[in-house]
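Comments concern the structure below.
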Amino acid sequence: MKLRSVAWLALVFCAALPACAPKKVKMISQGGTRDQLFPYGVYKHDVGLVMAKTDTSPEKKFDFTGVVKVNADQIQLVGLSYFGTTVFKVLEDRKTGEVKTEVFVEQMKKFESKIPEYYSTLRLFLIARLPLVSKLHQLQWNKIDSRGFPLEAATVDLEKNAVFRFKNYDLNNIPTEITIEHPNFTVAVKVSDYDI
């Protein structure tokens, strides 16, 4: 009886955690052509962020779950803790270009000023078009696969440039692993779920 109770409790606990939920992927319609690397939709991902060591602070590492909602009007990025509580939010109005950030965890507030820099780099591939027009949005493809999807990209003409690597494209040609290498930070992203 105790084993049954423990199993039931574990099942309920896992059902409450997003990381335990099964992956739900909706297939993209096969008709028409796709013009965005990440079509409009909601993407859930696991993130490992390493902030580079500076003269005044040691290297810092953070792991969190993120949810990104991309559409024609806005991009919304939410960072979640292991238990699903909101750590930070970024909201961009794509019509006006206004970006708002909020941090909800006290120990992260000292990094709030860095969030716009990280977001400005991340958004480049969230809005990337296929095929990429040369240097559109300060991003260029360095390597592509036989279907025209990027394997490596880089920012250009920025004060500090970043390199993006895209791996493990799924059945919808969505890259499920992305690495961003920037002089100030490194980000490893694993897309775990999406609805497009």
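Here the structure is a predicted model, which is why all the values come from computation and not from measurement. Note that the numbering runs from 1 along the sequence shown for the chain.
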Inset, instruction - Report, as yes or no, whether the 6.0 Å neighbourhood of atom NZ on K114 holds more than 12 heavy atoms from other residues, nucleotides or ligands. - result: no

Inset, instruction - Compute the centroid of each ring, for Y118 and then for F185, and state whether the two points are separated by less than 6.0 Å. - result: yes

Inset, instruction - Measure across E112 and T101 and return the closest heavy-atom pair with its distance rounded to 0.1 Å. - result: OE2-O, 3.6 Å

Inset, instruction - State, with a plain yes or no, whether a side-chain heavy atom of F64 is found less than 4.5 Å away from one of V87. - result: no

Legend entry - Same apolar cluster (I L V M F W Y, side chains within < 4.5 Å links), F88/L91: no

Inset, instruction - Flag yes if L124 and Y40 sit in one hydrophobic cluster, no otherwise; membership is Ile, Leu, Val, Met, Phe, Trp, Tyr, and two members link when side-chain heavy atoms are under 4.5 Å apart. - result: yes

Inset, instruction - Taking all heavy atoms of A128 and all of L139, pick out the closest pair and write down the distance. - result: CB-CD2, 4.0 Å

Legend entry - N168 backbone acceptor or donor facing T176 side chain under 3.5 Å: yes

Legend entry - Side-chain touch I178/F166, heavy atoms, less than 4.5 angstrom: yes

Legend entry - Sub-4.5 Å side-chain heavy-atom contact between P150 and L37: yes

Inset, instruction - Find out whether V103 and I115 are in side-chain contact, i.e. whether some heavy atom of one side chain is under 4.5 Å from a heavy atom of the other. - result: yes

Inset, instruction - List the atom of T155, the atom of A162, and the distance in Å for their closest heavy-atom pair. - result: OG1-N, 2.6 Å

Inset, instruction - State, to 0.1 Å, how close P39 and I196 come at their nearest heavy-atom pair, and which atoms those are. - result: O-CG2, 3.9 Å

Inset, instruction - With the side chain counted from C-beta on, respond yes when L49 and M51 share a heavy-atom pair under 4.5 Å apart, and no when they do not. - result: yes

Inset, instruction - Any chance you could lay out the side chain to side chain contact (heavy atoms under 4.5 Å, CB included) test for L122 and V187, step after step, and finish with the verdict? - result: CA-CA 9 Å; L122 173 72; V187 179; over 6 Å; no

Legend entry - Inter-residue atom distance Y43.OH - D195.CG, 0.5 Å rounding: 9.5 Å

Legend entry - Spacing of CZ belonging to R165 relative to CD belonging to E177, to within rounding of 0.5 Å: 13.0 Å

Inset, instruction - Could you grab the distance from atom CG of L126 to atom NZ of K69, nearest 0.5 Å is fine? - result: 14.5 Å

Legend entry - Rounded distance [0.5 Å steps], NZ in K60 versus NZ in K110: 5.0 Å

Legend entry - Any donor-acceptor pair under 3.5 Å from R94 side chain to I75 backbone: no

Inset, instruction - Applying side chain to side chain donor-acceptor pair (under 3.5 Å) between E92 and each of R123, K100, Q76, report the one that passes. - result: R123

Inset, instruction - Verify whether the ring centers belonging to F62 and F111 lie closer than 6.0 Å. - result: yes

Inset, instruction - Identify the two heavy atoms, one from K89 and one from F104, that lie closest to each other, and give their separation to 0.1 Å. - result: CG-CE1, 3.9 Å

Inset, instruction - May I ask you to test the K95-D73 pair for a side-chain heavy-atom distance under 4.5 Å? - result: yes

Inset, instruction - Using the rule that two of Ile, Leu, Val, Met, Phe, Trp, Tyr join whenever any of their side-chain heavy atoms come within less than 4.5 Å, decide whether V50 and I180 are in one cluster. - result: no

Legend entry - K160 NZ to E117 CD distance, which is reported to the nearest 0.5 Å: 6.5 Å

Inset, instruction - Could you check N142 against F164 for side chain to side chain contact (heavy atoms under 4.5 Å, CB included), going step by step and ending with a plain yes or no? - result: CA-CA 9 Å; N142 292 341; F164 302 82; over 6 Å; no

Legend entry - Co-membership, hydrophobic cluster, residues V163 and V189, 4.5 Å side-chain: no

Legend entry - Heavy-atom pair with the smallest gap, counting every atom of T85 and S81: OG1-OG, 2.6 Å

Inset, instruction - Would you indicate whether the side-chain heavy atoms of F38 and Y194 approach each other to under 4.5 Å? - result: no

Inset, instruction - Any chance you could measure K167, atom NZ, to K190, atom NZ, to the nearest 0.5 Å? - result: 8.0 Å

Inset, instruction - Using a 4.5 Å cut-off on heavy atoms from C-beta on, say whether the side chain of D46 contacts that of D63. - result: no

Legend entry - Neighbour count >12 (heavy atoms, 6.0 Å) for atom NZ, K109: yes

Legend entry - S192 (side chain) donor-acceptor with K44 (main chain) under 3.5 angstrom: yes

